[in-house]
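Values in this document were obtained by computation on a predicted structure and should not be read as measured data.
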Amino acid sequence: MSYMVLFGLYFIVCQIIVTKKWFPAFLRRQNASGTTLQQMGLIALSIVVSTLAHLGWELPVMVTVFGASVIAGKYRDVFEKMEKGQKV
């Protein structure tokens, strides 16, 4: 139960980081599909590292939550530009 509360708080922190654009600049410069592919690679890498180092399931979950927040923020920005009639 405590894991659920901590991951819920972590999710909220990730959403704040993405909303305020406090994440690295190279993630902000990429297009949405590039960000999605990069996050999928990071998730796979975290699974491999976690398996080889016997770290458990927490690391892949944290990477997945942060990656999903970044991807959702990127697509949110794209759709906001589309709604305003800007070129995407």
Side-chain angles (χ1 to χ4, degrees):
M1 184 65 171
S2 64
Y3 278 121
M4 294 298 289
V5 172
L6 291 176
F7 283 129
L9 291 174
Y10 179 70
F11 173 74
I12 292 169
V13 169
C14 288
Q15 289 297 319
I16 291 170
I17 288 171
V18 170
T19 303
K20 300 286 186 181
K21 299 197 185 312
W22 292 340
F23 54 95
F26 69 91
L27 288 175
R28 288 190 300 256
R29 286 191 304 258
Q30 285 185 341
N31 57 11
S33 60
T35 301
T36 302
L37 289 174
Q38 185 178 32
Q39 293 301 324
M40 286 173 32
L42 286 174
I43 290 168
L45 180 66
S46 72
I47 291 169
V48 169
V49 167
S50 180
T51 302
L52 293 177
H54 303 289
L55 295 176
W57 54 271
E58 292 88 358
L59 178 65
V61 169
M62 292 174 65
V63 171
T64 302
V65 167
F66 182 72
S69 296
V70 170
I71 292 168
K74 182 65 77 167
Y75 278 102
R76 189 178 321 118
D77 291 343
V78 168
F79 287 124
E80 284 177 2
K81 288 180 183 177
M82 285 173 51
E83 286 178 347
K84 292 179 182 176
Q86 298 175 351
K87 184 176 179 182
V88 179

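Qualifying side chain to side chain contact (heavy atoms under 4.5 Å, CB included) partners for K87, counting only residues two or more places apart in sequence or in other chains: none. Scanning for side chain to side chain contact (heavy atoms under 4.5 Å, CB included) contacts around E83 gives an empty result, with sequence neighbours left out. E80 meets the side-chain hydrogen bond (donor to acceptor under 3.5 Å, both in side chains) test with no other residue; sequence neighbours excluded. Legend: residues meeting salt bridge (Lys or Arg N to Asp or Glu O under 4.0 Å) with K21, ordered by chain and number and at least two apart, are D77. Looking at residues two or more places apart in sequence or on another chain, you find a side chain to side chain contact (heavy atoms under 4.5 Å, CB included) between V63 and L42, I43, S46, L59. Applying the ring-ring contact (aromatic ring centres under 6.0 Å, His included) rule to F7 yields the partners W57; only residues at least two apart in sequence or on another chain are considered. Remark: V13 engages I17 in a side chain to side chain contact (heavy atoms under 4.5 Å, CB included) (not counting sequence neighbours).
Identified under the ring pair (Phe, Tyr, Trp, His ring centres under 6.0 Å) test for residues 65-88, with sequence neighbours left out: none.
More than 12 heavy atoms of other residues, nucleotides or ligands lie within 6.0 Å of OH in Y10, so this atom counts as buried by the packing criterion.
Put simply, F26 and V18 are part of the same group of oily side chains (I, L, V, M, F, W, Y) that touch within less than 4.5 Å, one to the next. Residues Y3 and V61 are members of one and the same hydrophobic cluster, defined by side-chain heavy-atom contacts under 4.5 angstrom among Ile, Leu, Val, Met, Phe, Trp and Tyr. Note on W22 and V65: same hydrophobic cluster, where clusters join Ile, Leu, Val, Met, Phe, Trp and Tyr whose side-chain heavy atoms are under 4.5 Å apart, directly or indirectly.
Shortest non-hydrogen contact noted between G67 and Q39 is CA-OE1, 3.2 Å.
Panel note: side chain K74, backbone Q30; a donor-acceptor pair is recorded below 3.5 Å.
Between the CD atom of Q38 and the CG atom of L45 there is a distance of 11.5 Å, given to the nearest 0.5 Å.
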